[in-house]
Amino acid sequence: MCRLFGLSAAPRRVRATFWLLEAPDSLAQQSRREPDGTGLGIFTEDGAPEVDKQPLAAYQDEQFAQAARQRESTTFLAHIRYASTGGVDPRNTHPFEQQGRLFAHNGVIDDLPALEAELGDHRRLVAGDTDSERFFALITKHIDANGGDVGAAITTAARWVADTLPVYAINLILTTSTELWALRYPDTHDLFVLQRPAGGPHGRRHLEHASAAGRIRARSGDLSSHPAVVVASERMDEDPGWQALRPGELLHVDSHLACTRQIVVERPPRHPLSLAQLNSHAAASQSGT
């Protein structure tokens, strides 16, 4: 299964180090479970997005996979891809950038011709082959149409997809330089949020997060003295504060780390896809096998 990790320390810029595809057993063995790409997105001091991503599997580029990425930003977005649609190509590797925003997705949306038709002129934003980038363009279309309300745009786009297209899952994280949104839909995959006080639950502790499978590891000494909000596909440490988003729930983290949560897609997909209905590659991307 693809992995999502988002972190906001807004409005403060903090330093953090990320390791992608770090495996506790064997780098090569782990990389073959998630073979299609890794990416990390941040924002510069002037709010411009920067993405460092690699479409190759770790066993094909061990140096890239093992390298520690030391970055400074207000928000961070990391993703590990196992392709469900689109080939192994830089254009298909997450995170994606559109109009100064970053986006990563875990799921499968089918009937891409119908999705493209709904995009209209916003089809020009799509460079690759993935359902993820097209869904991001649909969100961007609604942002442009409603005066810049990102949460409303995610809601409108997700409801349209849920009512119109075959859907397995559309878990997502979207970030700007100061804000973060996350949606879990439907109940196919987990998505967790942690509102971490400065220093963590015991105080004066740096952030040290690692997924159980060793897919993503993040460390930040600055967060020993600053609060943060973390969103991830799985609980990243033993902190009791991790909470699962409910199916259909949209999380918004504002520019001062205030969190709001609301169910925005109440109904299950009208055309749900089961794992058995996915092609073999898409099924592997969603099951982690």
Please assess Glu133 against Phe103 for the test side chain to side chain contact (heavy atoms under 4.5 Å, CB included), listing each intermediate value before the final yes or no.
CA-CA 8 Å; Glu133 191 181 17; Phe103 175 90; over 6 Å; no
Show your working on side chain to side chain contact (heavy atoms under 4.5 Å, CB included) between Phe136 and Leu172 and close with a plain yes or no.
CA-CA 9 Å; Phe136 186 21; Leu172 67 89; over 6 Å; no
Hey, are the side chains of [X] and [Y] touching, using non-hydrogen atoms and a 4.5 Å cut-off?
| X | Y | answer |
| --- | --- | --- |
| Val14 | Phe76 | yes |
| Leu191 | Glu249 | no |
| Thr75 | Val253 | no |
| Leu257 | Cys259 | no |
| Leu115 | Trp160 | yes |
| Val230 | Trp242 | yes |
| Thr176 | Trp181 | yes |
| Leu251 | Arg261 | yes |

Are the side chain of [X] and the backbone N or O of [Y] linked by a donor-acceptor pair below 3.5 Å?
| X | Y | result |
| --- | --- | --- |
| Glu118 | Leu138 | no |
| Asn171 | Tyr185 | yes |
| Thr156 | Ala153 | no |
| Ser8 | Val229 | no |
| Arg159 | Val264 | yes |
| Asp111 | Leu165 | no |
| Ser255 | Glu179 | no |
| Arg101 | Pro49 | no |
| Arg184 | Leu245 | yes |
| Arg134 | Gly128 | yes |

Could you pull out the closest heavy-atom pair between [X] and [Y], with the gap in Å?
| X | Y | answer |
| --- | --- | --- |
| Ser177 | Gly47 | CB-CA, 3.9 Å |
| Ile216 | Met236 | O-CE, 3.6 Å |
| Trp19 | Thr17 | CH2-CG2, 3.4 Å |
| Ile170 | Ala158 | CD1-CB, 3.9 Å |
| Ala198 | Ser225 | CB-C, 3.5 Å |
| Leu250 | Gly151 | CD2-O, 3.7 Å |

Measuring from [X]:[atom1] to [Y]:[atom2], what's the distance to the nearest 0.5 Å?
| X | Y | atom1 | atom2 | value |
| --- | --- | --- | --- | --- |
| Ser220 | Arg196 | OG | CZ | 8.0 Å |
| Leu112 | Asp129 | CG | CG | 9.5 Å |
| Asp254 | Thr260 | CG | OG1 | 7.5 Å |
| His79 | Phe5 | NE2 | CZ | 14.0 Å |
| Leu102 | Leu40 | CG | CG | 9.5 Å |
| Arg217 | Phe18 | CZ | CZ | 12.0 Å |

Does atom [atom1] ([X]) have a neighbourhood of more than 12 heavy atoms from anything else shown, all under 6.0 Å?
| X | atom1 | value |
| --- | --- | --- |
| Glu238 | CD | no |
| Arg124 | CZ | yes |
| Arg270 | CZ | no |
| Arg13 | CZ | yes |

Using the rule that two of Ile, Leu, Val, Met, Phe, Trp, Tyr join whenever any of their side-chain heavy atoms come within less than 4.5 Å, decide whether [X] and [Y] are in one cluster.
| X | Y | answer |
| --- | --- | --- |
| Val51 | Val231 | yes |
| Leu119 | Val150 | yes |
| Ile263 | Val265 | no |

Can a salt bridge be assigned to the pair Glu234 and Arg3 using a cut-off of 4.0 Å between side-chain N and carboxylate O?
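Looking at Glu234 and Arg3, the cut-off is met.
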Salt bridge or not for Asp190 and Arg235, using N-O below 4.0 Å?
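A salt bridge is absent here (no side-chain N lies under 4.0 Å from a carboxylate O).
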May I have the step-by-step check of side chain to side chain contact (heavy atoms under 4.5 Å, CB included) for Tyr168 and Leu275, ending in yes or no?
CA-CA 8 Å; Tyr168 184 71; Leu275 198 63; 3.4 Å; yes
Which pairs, with at least one residue in residues 138-154 and sequence neighbours excluded, count as a side chain to side chain donor-acceptor pair (under 3.5 Å)?
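As it turns out, the side chain to side chain donor-acceptor pair (under 3.5 Å) pairs with a partner in residues 138-154, which skip direct neighbours, are Gln98-Thr140, Gln99-Asp144, His122-Asp144.
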Can you tell me which residue among Asp237, Leu7, Asp239 is in a side chain to side chain contact (heavy atoms under 4.5 Å, CB included) with His209?
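The side chain to side chain contact (heavy atoms under 4.5 Å, CB included) with His209 is passed solely by Asp237 among Asp237, Leu7, Asp239.
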Among all residues two or more places apart in sequence or in another chain, which pass the salt bridge (charged side-chain N to carboxylate O under 4.0 Å, His left out) test with Asp222?
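Arg15.
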Kindly indicate, with the supporting measurements, whether the criterion side chain to side chain contact (heavy atoms under 4.5 Å, CB included) is fulfilled by Arg71 and Asp52.
CA-CA 10 Å; Arg71 302 290 187 269; Asp52 178 17; 3.0 Å; yes
